[in-house]
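We use all heavy atoms of the structure for the numbers below, so side chains are in, but hydrogens, waters and symmetry mates are not. Being a predicted model, the structure only gives us computed values, none of them experimental. Letters A, B, ... mirror the listed sequences (proteins, then strands); counts begin at 1.
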Amino acid sequence: MAVDPVEFFFGKEWSDGLPVVPPTEERLAAMLDGARRDPDEVIGHVPPLMAPATVRAIALHAVMAGCRPDYLPVVIGAMACVLEERFNLVLLQATTSAGAPFVLVNGPYARTIGLCGGMGCLGPGFRANATIGRALRLMMLNLGGGIPGVTALSGFGGPWRYTYCIAENEDESPWPSYAQARGFGPMENVVTAIPLEGPVLVWDDASEEPGRLAVAIADMMSALGGGNIYRQADMGVVLSPQHAQVFARAGMSRDDTHRLLVERAGRRLGEIRSGGIWRGEAGAARWPFKVALDDENAFVPAIGDPDDLHLVVAGGSGSPASLVMHGITVASRAVSRTYDA
Amino acid sequence: MSESADFMDPSADHGAHAIVPARRPGTLAGKVLGLLDNSKEQGDIILETIAAALRERYGLARVLTRRKDHYSKQAPEALIEELAREVDVAVAALGG
């Protein structure tokens, strides 16, 4: 009796719950053609199980995720990011929070493969977005052994843990790209992985000047239930092109906007002491900045180091909304790398 | 028409790395207890309470306490090796 490959993979402990494309020698060969790499090259080992992510293994998971061969360079690049020591992937594997690697792609190759950074980019609907992110997760599950209830202790999980990958909307952004702001050239193909929670929508169709628009965005950034106000971590803020234009029309550069959000995002000490995960002096001692603990009105910033804020332009231009993605801890940090397309 | 079984199985061997637990001592009397604090809030209080109870009940020889830099970072190899060398039993704080 022939084995049904779809049911075979559903029966695996590491299944993400959705059907996979069964890998065959032909599909693997076609996938490996998508990148000019030695299949035996080891990109890294996936914690905590530490099975090797060779180019061949990555290609197999890209097949299963439903990737086209021309997506493989991005998948390899994203794996290289999350397997760097500073990303500390074991944190997102084991965390009791719900974080996942958010994958942001800059540069011309994203357009070549149809990776969406515009309307609907967080899905569903775009093969590159859906499958590149999914390939990463399948490797975290299988090669890393990040199985819910076994090693993966996230109480909730979350839809962004299936896949979480977009291109920046470089065409409709009023500014140089996220990657350029980080020191890369405009024609370099760059992939960034950031450890983040899921996105929260900030809807504002009323504010037409930067100071007013910053209010709701900064408020969400410093949410008491979010991962940034009580402890330092990376944070993502994704401005729609329409919101980015509110700042740009007022003559503000990307840096100006970044600075404004960093300055505005925070709470009075009295508020954050009233509940949440206020840890007293011991918690405050971990902050990279000094706050007078006897001053109820002292300002506690949500962003301790400006580099912690990852400001991106994406989404549809007709959407007066932005996204805030809170962080987890400083023990896992964003990584950006060029990748060979 | 079902496909034949000529697909590949990229499953990592999740069983191959099974770790055999160390032998348990028959008694705690005169033994050295290790405490590994993951630095999560109040973990130290829980560990100290456990140590005090074990000291009182069983007469431990010594308690050795070590603390990770950060709860979300793995303990350095050297720290784990030190505990393995120095203690008979260990209690590690996880999660929190």
Side-chain angles (χ1 to χ4, degrees), chain A residues 1-9 12-14 20-28 46-53 56-61 63-64 85 88 90-92 94-97 138-139 141-145 147 150-151 153 195 233 277 279-280 282-283 286 328-332, chain B residues 1-22 34-52 63 65-84 87 90-96:
Chain A
M1 174 83 131
V3 175
D4 177 350
V6 173
E7 289 304 321
F8 176 84
F9 286 107
K12 291 293 176 181
E13 187 186 32
W14 52 263
V20 298
V21 175
T24 61
E25 293 286 359
E26 292 84 357
R27 289 193 178 117
L28 173 62
V46 190
L49 191 63
M50 303 306 274
R56 179 182 289 102
I58 295 171
L60 282 166
H61 289 80
V63 167
M64 289 194 289
E85 192 178 332
N88 190 26
V90 74
L91 184 153
L92 287 183
T95 186
T96 46
S97 79
L138 290 176
M139 284 185 272
L141 283 159
N142 181 26
L143 302 179
I147 313 291
V150 178
T151 45
L153 301 182
I277 52 167
R279 309 274 194 207
R286 283 191 165 140
I328 299 109
T329 88
V330 289
S332 171
Chain B
M1 175 180 178
S2 57
E3 289 193 35
S4 65
D6 63 353
F7 55 89
M8 303 167 74
D9 180 5
S11 294
D13 194 343
H14 289 215
H17 303 274
I19 297 167
V20 178
L35 300 175
L36 180 55
D37 183 349
N38 70 345
S39 84
K40 264 289 175 84
E41 286 75 14
Q42 302 175 328
D44 54 350
I45 299 172
I46 296 173
L47 289 172
E48 279 159 20
T49 306
I50 292 171
V63 177
T65 304
R66 290 290 177 263
R67 187 177 155 98
K68 292 203 312 184
D69 283 340
H70 192 285
Y71 44 83
S72 300
K73 286 189 179 150
Q74 291 179 297
E77 278 297 311
L79 191 158
I80 301 296
E81 278 161 15
E82 183 198 9
L83 284 172
V87 312
V91 178
L94 300 177

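- With rounding to the nearest 0.5 Å, the separation of CD in E85(A) from NZ in K73(B) is 9.0 Å.
- Heavy-atom neighbours of D9(B) CG from other residues, nucleotides or ligands within 6.0 Å: above the threshold of 12.
- Shortest non-hydrogen contact noted between F7(B) and V3(A) is CZ-CG1, 4.0 Å.
- Atom CD of E82(B) has more than 12 neighbouring heavy atoms from other residues, nucleotides or ligands inside a 6.0 Å radius.
- Nearest heavy atoms, N142(A) versus P10(B): ND2-O, 2.9 Å.
- When heavy atoms are compared at a cutoff of 4.5 Å, E13(A) approaches chain B solely by way of its side chain, counted from C-beta outward.
- The minimum heavy-atom distance between M8(B) and L28(A), with the atom names listed, is CE-CD2, 3.7 Å.
- With a 4.5 angstrom heavy-atom cutoff, R286(A) touches chain B only via side-chain atoms.
- Closest non-hydrogen pair, N88(A) versus S72(B), comes out as ND2-O, 2.9 Å.
- Of all heavy-atom pairs between T24(A) and D6(B), the closest is CG2-O, 4.3 Å.
- Residue Q74(B) touches chain A through its side chain alone, counting heavy-atom pairs closer than 4.5 Å.
- Within the 4.5 angstrom heavy-atom criterion, only side-chain atoms of I147(A), from C-beta onward, approach chain B.
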